[in-house]
Amino acid sequence: MDTEERERYVEDVLSLVERIPPGRVMSYGAIADHVGRCGPRRVGNVLATDGGGVPWWRVVRTDGSLPPSHERRALEHYRVEGTALRGRAVGDAGATRVDMARAAWSPAS
DNA sequence: GCAATGACTGGTA
DNA sequence: TTACCAGCCATTG
């Protein structure tokens, strides 16, 4: 893949993430599917590398689990934005996940 | 060019 | 419910 292609892909992903409204989330797979280029692993890599400028915490796995390395930080944002969560007690990171049924969002909406 | 790696996913146990 | 396995795709050594 050429550098230009990669940058364009990164830009598409980032702009899409920026469009996710507060309190909503999207899965890696959904983003990859919408961008229509390569798979979800690429999306994760993009966010890990260039996701510093976008609300990356609004991107989760399809089952609602948070990125293993940043779940604590993401939880803080969810609490502030009022994102629908499900699972254990409030304030207990443990197995807390996003309630995809209520928080899932798509650019087509 | 090949092997390993990763913020993934879906199916099976 | 969690755990493990086999695909998947681009980057990296």
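A quick note: this is a predicted structure, and the numbers were derived from the prediction, not measured. When reading the values below, keep in mind they use all heavy atoms of this one structure, side chains included, and skip hydrogens, waters and symmetry mates. Residue numbers start from 1 in every chain, and the chains themselves are labelled A, B, ... in the order their sequence lines are given, proteins ahead of strands.
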Q | Spacing of A:L66 atom CG relative to B:dC8 atom C1', expressed in whole Å | A | 14 Å
Q) More than 12 non-hydrogen atoms from neighbouring residues, nucleotides or ligands closer than 6.0 Å to CD on A:E4, yes or no? A) no
Q: Looking only at side-chain atoms of A:P40, point me to the closest of B:dT9, B:dA7, C:dA10.
A: B:dT9
Q. Between A:R42 and A:R61, which is nearer to the 5' end of DNA chain B once each is assigned its nearest nucleotide?
A. A:R42
Q. Where do A:R86 and A:R97 land on the side-chain contact (heavy atoms from CB on, under 4.5 Å) test, with the steps shown first?
A. CA-CA 6 Å; A:R86 45 164 262 176; A:R97 281 165 288 177; 3.5 Å; yes
Q.
For B:dC8 and A:S27 - does any side-chain N or O of the residue sit under 4.0 Å from the phosphate oxygens OP1/OP2?
A. no
Q: Check every atom of B:dA7, C:dT1, B:dT9 against the side chain of A:T62 and return the nucleotide holding the closest atom.
A: B:dT9
Q: Please state whether the phosphate of C:dT1, meaning OP1 or OP2, lies under 4.0 angstrom from any side-chain nitrogen or oxygen of A:R86.
A: yes
(Q) Output the rounded distance in Å from NE2 (A:H34) to C1' (B:dC8). (A) 19 Å
Q: Return the value, rounded to whole Å, for the distance between atom CD1 of A:I20 and atom P of B:dA7.
A: 19 Å
(Q) Roughly how many Å apart are C:dG7 and B:dA7, using the P atom of each and rounding to a whole number? (A) 22 Å
Q: Would you kindly compare A:N45 and A:R41 by the position of their nearest DNA chain C nucleotide and give the one closer to the 5′ end?
A: A:R41
Q. Quick one: A:R72 CZ to B:dA7 C1', roughly how many Å, whole number?
A. 18 Å
(Q) From CG of A:L47 over to C1' of C:dA10, roughly how many Å is that when rounded to an integer? (A) 14 Å
Q: Using whole Å, report how far CG of A:D50 lies from C1' of C:dA10.
A: 14 Å
Q. Quick one: A:W56 CH2 to B:dC8 C1', roughly how many Å, whole number?
A. 17 Å
Q. Taking only side-chain nitrogens and oxygens of A:R6, does any of them come within less than 4.0 Å of OP1 or OP2 of C:dT11?
A. yes
Q) Does CD in A:E18 sit with more than 12 non-hydrogen atoms of other residues, nucleotides or ligands closer than 6.0 Å? A) yes
(Q) Students often mix this up, so state it plainly: with edges at 30° and 60°, are the rings of A:W57 and A:H77 parallel, tilted or perpendicular? (A) parallel
Q: Report the C-alpha separation of A:I31 and A:V17 in whole Å, then their side-chain angles, then the decisive distance to 0.1 Å, and conclude whether the side-chain contact (heavy atoms from CB on, under 4.5 Å) test is met.
A: CA-CA 8 Å; A:I31 293 175; A:V17 173; 4.1 Å; yes
Q.
Rounding to an integer number of Å, can you tell me how far A:Y28 OH sits from B:dG10 P?
A. 14 Å
